[in-house]
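Read the structure below first, then the notes.
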2 protein chains.
Amino acid sequence: MRTILVIEDDLALARGLVDNLRFEGLEASSVSSGEEGLARLRERPFDLLLLDLMLPSMSGFDVLRALSSLPTSPRVIVVSARDAEADVVRALDLGAHDYVKKPFGLSELLARVRAQLRELLGETLADELVFADVRVSLKRFRLWKGKKESLLSHLEVEMLRLFAARPDEPLKRSEIIRQAWGEDAYPSERTVDNFILKLRKKIEDDPARPRHLVTEFGHGYRFCPAG
Amino acid sequence: MRTILVIEDDLALARGLVDNLRFEGLEASSVSSGEEGLARLRERPFDLLLLDLMLPSMSGFDVLRALSSLPTSPRVIVVSARDAEADVVRALDLGAHDYVKKPFGLSELLARVRAQLRELLGETLADELVFADVRVSLKRFRLWKGKKESLLSHLEVEMLRLFAARPDEPLKRSEIIRQAWGEDAYPSERTVDNFILKLRKKIEDDPARPRHLVTEFGHGYRFCPAG
DNA sequence: CGAGACGTGACATCAGGGTGACACTTCCGC
DNA sequence: GCGGAAGTGTCACCCTGATGTCACGTCTCG
């Protein structure tokens, strides 16, 4: 289901928005400050952000600037009473995808929400890999476990890609090497163990007792997204 | 260069739009009916379509419906005097990406054009680029870090433009060369390193420990506006 | 000719990948 | 159960290729 976060300090408005979004079949929630909003966005990805500009302390512009440093940034519709053209231009140039002036017609806003969500369809979902409390951006070579961020090397990404494609299936080292390294590379099979070691340190709660990258004695390794 | 088609039967307005879009560095042209527009779109792809709703014979809604049958459909901003909410909803649900009501502010429309074009892979069109204590005017080839002003060369600007459009994403040297140098130039990939070096001297507090133009070992470079 | 922009090569440095060693675990036949 | 063989966890180290950095050559434009 599509997830939407509303950052709006007018609680009545926020509630109205959330209710209507839910009525549209979307998963919506709201917070009343930019700081809270960013905290929520860091916890887990959202598909769309409805953002007020005039917030206490941290402004909507600040939130826009901060978005790019998130693991996955949502699409953004700014919803603001500020109707000066300069504000619209600034918000859009800071990365907002749309700008709706208050007061707005509800059905128009919902249509704009649909238009933004429509873009998501195939956008980068192939890039994202999510299981348990781990998120991976294969394109950015980055992995987040809870709040901890790790960098991934090219080969680590290839291995994750391979495991994700064949969950719960034991993969032989030889197979892993062929798929991740390619046809023309022949490293020792023990090299795979080293990469498993590195990956476990990044994705397991307790790398010594792996629950996602499990050893299949004599048969290689198996990836269990569920744990 | 980005290509834009304007479908607008008010010739004065169409001409004004085209002029302003060209002034922004875009390749713009206009036609005055939906039929002509579709013919042009069938001839060759456009990146963006500015579409009036009230056209003679074939309406803007009809154009929207016809777009999906094109080999490559452009992004669409509807520009219309019809301000009924129902029209906005209908246009957006028919696939329009944005809807601007006449009369509109020119700078807002241009910002919305930039926002749409930004979604296409490639370079940002905004002139001002701001992050941390750095401000860049891409059109004037100037960069300010705090109070220090630097001049930028053509290629430095192109690289910044490219990085700005894809924040936090590692860009391969080959990709940087293709986008910033163009299709027909083939400098050594190490040339990119030299430009990174120059840019770091201009935008980093400590060029030896870059926080904005970060090396992604084996993958190229990544631009982190947030630092 | 001079200045700046661009491209290349050279050299030092660095990080990832690969290997081998050693300890520990699992399997299997007894 | 027991012991050996084979498989695996883990680490430190080396090597190669990638990168940081600079100097110099070339080109263009005034």
- Can you check whether any acceptor in the base of C:dC6 is under 3.5 Å from a donor in the side chain of B:Asn194, or vice versa? no
- Can a side chain N or O of B:Ser153 be found less than 4.0 Å away from OP1 or OP2 on C:dG4? no
- Message: Pick the closest DNA chain C nucleotide for A:Phe217 and for A:Lys198 by heavy atoms, then say which residue is nearer the 5' end.
- Response: A:Lys198
- Note on the structure: By nearest-heavy-atom nucleotide on DNA chain C, the more 5' of B:Leu152 and B:Glu189 is B:Leu152
- Note on the structure: Closest to the side chain of B:Leu155, out of C:dT8, C:dC6, C:dG18, is C:dC6
- How many Å lie between CZ on A:Phe195 and P on D:dT8, as a whole number? 18 Å
- Task: Could you tell me whether A:Tyr221 contacts a base, only the sugar-phosphate backbone, or nothing, with contacts defined as non-hydrogen atoms closer than 4.0 Å?
- Result: sugar-phosphate
- Most 5' of A:Gly220 and A:Lys201 on DNA chain D, judged by nearest nucleotide: A:Gly220
- Query: Just checking B:Ile196: base, sugar-phosphate only, or nothing, at a heavy-atom cut-off of under 4.0 Å?
  - Reply: nothing
- Message: Counting the atoms with a prime plus P, OP1 and OP2 as sugar-phosphate, which does B:Thr191 contact under 4.0 Å by heavy atoms, base, sugar-phosphate, or nothing?
- Response: base
- Message: Any salt bridge linking B:Lys139 with B:Glu128? Criterion: basic side-chain nitrogen under 4.0 Å from a carboxylate oxygen.
- Response: no
- Report the distance from atom CG of A:Leu151 to atom C1' of C:dC14, rounded to the nearest whole Å. 15 Å
- For B:Thr215, report the nucleic acid contact type (base, sugar-phosphate, nothing); a contact means any heavy atom under 4.0 Å. sugar-phosphate
- Taking atom C1' of C:dC22 as reference, at what distance in whole Å does atom CG of A:Asp193 sit? 14 Å
- Message: For D:dG20, does the base pair up with any side-chain atom of B:Arg190 as donor and acceptor (N or O, under 3.5 Å, distance only)?
- Response: yes
- Lys/Arg N to Asp/Glu carboxylate O, A:Glu119 vs B:Arg75, below 4.0 Å: yes
- Item | Nearest-angstrom distance from the residue atom CD of A:Glu216 to C1' of D:dG9 | 16 Å
- No-H, no-angle donor-acceptor pair, A:Arg200 side chain to D:dG9 base, under 3.5 Å: no
- Under 4.5 Å between any side-chain heavy atoms of A:Tyr221 and A:Pro170, yes or no? no
- Query: Just checking, A:Arg90 and A:Phe61: is the charged tip under 6.0 Å from the six-membered ring centre and within 45° of the axis?
  - Reply: yes
- Pair B:Ser188, B:Arg173: side-chain N/O donor-acceptor within cut-off below 3.5 Å: no
- Task: Find the distance B:Lys172:NZ to D:dA18:P and express it as a whole number of Å.
- Result: 14 Å
- Message: How many whole angstroms separate atom CZ of B:Arg173 from atom C1' of C:dG7?
- Response: 15 Å
- Query: Would you say B:Trp181 reaches C:dG7's phosphate, i.e. side-chain N/O to OP1/OP2 under 4.0 Å?
  - Reply: yes
- Rounded to whole angstrom units, what separation is found between the NE2 atom of A:His154 and the C1' atom of D:dT16? 16 Å
- Query: Between B:Arg44 and B:Phe46, is NZ or CZ placed under 6.0 angstrom from the six-membered ring centre and within 45° of the ring axis?
  - Reply: yes
- Query: Could you state the NE2-C1' distance from B:His219 to C:dC14, rounded to the nearest angstrom?
  - Reply: 16 Å
